[in-house]
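Worksheet: the structure to be examined is printed underneath.
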There are 2 protein chains.
Amino acid sequence: MGAFIVIVEDEEDILELIEYNLEKEGFDTMGFTSTKNVSQLLEEEDVDLLIMDRNLPGVEGSEFVGQMREIGVETPVIYLTAKNKESDIEEGFERGGDDYITKPFNMKELILRLKAILKRTQKDKTEGKVVYRDIILDLGSRELFIEGNNIELTKLEFDLLHTLISNQNIVLDRDYLLEHVWGGDAIYQDRTVNVAINRLKEKIDADKSKEYIKTVRGVGYTLC
Amino acid sequence: MGAFIVIVEDEEDILELIEYNLEKEGFDTMGFTSTKNVSQLLEEEDVDLLIMDRNLPGVEGSEFVGQMREIGVETPVIYLTAKNKESDIEEGFERGGDDYITKPFNMKELILRLKAILKRTQKDKTEGKVVYRDIILDLGSRELFIEGNNIELTKLEFDLLHTLISNQNIVLDRDYLLEHVWGGDAIYQDRTVNVAINRLKEKIDADKSKEYIKTVRGVGYTLC
DNA sequence: GGGCTATGTAACAAAATGGTTACAGAGCCT
DNA sequence: AGGCTCTGTAACCATTTTGTTACATAGCCC
């Protein structure tokens, strides 16, 4: 469960301490000493959790989160705050923050809460079903049904189809797919996508005349 | 009804007073003057009730219970509190506490409430059964029946099956299982889950042709 | 149609994954 | 202490899955 966690904290010592400990727990982290660049990151990347100091120079932490919420960013937040007056805490909650921890804080506590929040939100992620025409993808049991028939998929095939369905009618290029299905770091060839798509096609378009996955020459693939 | 009751109270006089009276009533008790070691006890032992001072030095009592709830500890709580402002009481309830008593308190009242809570929760405990197809898991006696046959399980196997049944039709990955079955702190290998699952499979799928626990390659396991 | 590029296909090799077993330490009971 | 069971770890092997490569085919522009 290598979640991606962004930390905003102006005191560098504390920032490093948090990053060190979270990475030791197996999380991917990225630290900032101001909210600069953070909004862009939240919008564009798949950030699982934000840890945010409330007492930043310049913008108030909760102010910032408020703005994020307004443009539809739902990333859960843990506030770090020296204040522990109740009014402040309430305000933090009101603005859509999910938890708060008062400084000085216990690293174990932070990690405990963080895991609790992740558990909650990650679970939401896996609940439910995604549907496209005759195709039903059950995210919980990881089963695929086409016209009621259960079709077995490998992990890769499932993730690939999941991404395609989530972006139906949008053409996804190979780079996008590599990044989202295969994951960021490792480097693969384009052809990898190619082959994977075709193995998936084989199962999906099997006996049907219908063609679900369409190749868009020169660009990528789409479920249209 | 020799329930096991843990008491956390920093004033030793009061602590002893409570322990004395509860033991006279036939309860097993264990007293602490701080929350140190208590979390571990709650996680690992079968504690029936927690009596907790809210005004502890250091961690807030309700804060502590909140953390316990987040990692899945369901032990009911009675708060002792000098505060009786409504806001405090509400907050205590919100965090999952089950009752509160304001100091100075009447020992008789404490015991009365305590018995009321125990009656309620003990009943839940013994009535609970989880069913999946031919499988009946009796949470009270911790017995497993498959098609009426009693099959012996070790603690680990039982907890594992319990988690699987509670999440039937959902694929649980190894991290999830490690966290929920083995518990948060300790660090184990994936392979540990692997072996445990297979030991469980051996017992469950024994003479049957039916396969209850399904391996989802690359992801985890599920009861499907 | 010819020539170009992009894509599909098949085959192979490498890597990942899970089952199985053996073993050792921990815990428990006698 | 001795013997028991339970459980975590490591090693090994079989299998599946996946990446890569080479080659065939299809699409597109002239």
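Each chain gets a letter, A, B and so on, in the order its sequence line appears, and its residues count up from 1.
The distance from atom CG of B:Asn198 to atom P of C:dG18 is 10 Å, rounded to the nearest whole Å. What separates CD1 of A:Ile197 from P of C:dT7 is a distance of 11 Å, to the nearest Å. B:Leu200 has its CG atom 13 Å from the P atom of D:dC6, to the nearest Å. Rounded to whole angstrom, the span from the CD atom of A:Glu202 across to the P atom of C:dG8 amounts to 12 Å. Atom P of nucleotide C:dG18 and atom CG of B:Leu177 are separated by 12 Å, given to the nearest angstrom. Summarising the geometry, the separation between CD1 on A:Ile213 and P on C:dG8 is reported as 10 Å, rounded to the nearest angstrom. Atom NZ in A:Lys201 sits roughly 12 Å away from atom C1' in D:dA26 (whole-Å rounding). The interatomic distance linking B:Leu178 (CG) with D:dT9 (P) rounds to 9 Å, in whole Å.
Residues that satisfy the salt bridge (Lys or Arg N to Asp or Glu O under 4.0 Å) test with B:Glu25, not counting sequence neighbours, are B:Lys115. The salt bridge (Lys or Arg N to Asp or Glu O under 4.0 Å) test applied to B:Arg142 returns B:Asp159, not counting sequence neighbours. Scored by the side-chain contact (heavy atoms from CB on, under 4.5 Å) test, B:Thr222 finds B:Val171, B:Lys214, B:Val216, B:Cys224 as partners (sequence neighbours excluded). Scanning for side-chain hydrogen bond (donor to acceptor under 3.5 Å, both in side chains) contacts around A:Glu23 gives A:Thr29, with sequence neighbours left out. Residues forming a side-chain contact (heavy atoms from CB on, under 4.5 Å) with B:Asn150 (at least two apart in sequence, or on another chain): B:Glu143, B:Phe145. The salt bridge (Lys or Arg N to Asp or Glu O under 4.0 Å) test applied to B:Glu157 returns B:Lys203, not counting sequence neighbours. Applying the side-chain hydrogen bond (donor to acceptor under 3.5 Å, both in side chains) rule to A:Asn198 yields the partners A:Asn194; only residues at least two apart in sequence or on another chain are considered.
The C1' atoms of five pairs define one axis at each end of the helix from C:dG1-D:dC30 to C:dT30-D:dA1, and these two axes lie 30° apart (to 10°).
Phosphate proximity of C:dT7 to A:Asn194: absent, as no side-chain N or O sits under 4.0 Å from OP1 or OP2.
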_Derivation and outcome, side-chain contact (heavy atoms from CB on, under 4.5 Å), residues A:His180 and A:Tyr176_ = CA-CA 6 Å; A:His180 285 74; A:Tyr176 181 94; 3.3 Å; yes
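Nucleic acid contact class of B:Val193 (heavy atoms, under 4.0 Å, all strands): none.
Side-chain contact between A:Leu15 and A:Phe32: absent, with no pair of heavy atoms (C-beta onward) separated by less than 4.5 Å.
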Collect all protein-nucleotide pairs involving nucleotides 16-23 of chain D in which both atoms are nitrogen or oxygen and the distance is under 3.5 Å.
unit_1 : atom_1 : unit_2   : atom_2 : d
D:dT18 : OP1    : A:Leu156 : N      : 3.1
D:dT18 : OP2    : A:Thr154 : OG1    : 2.6
D:dG19 : OP1    : A:Trp182 : NE1    : 2.8
D:dG19 : OP2    : A:Trp182 : NE1    : 3.2
D:dG19 : N7     : A:Arg199 : NH2    : 2.7
D:dG19 : O6     : A:Arg199 : NH1    : 3.4
D:dG19 : O6     : A:Arg199 : NH2    : 3.3
D:dT20 : OP2    : A:Gln189 : N      : 3.4
D:dT20 : OP2    : A:Thr192 : OG1    : 2.7
D:dT21 : OP2    : A:Gln189 : NE2    : 3.3

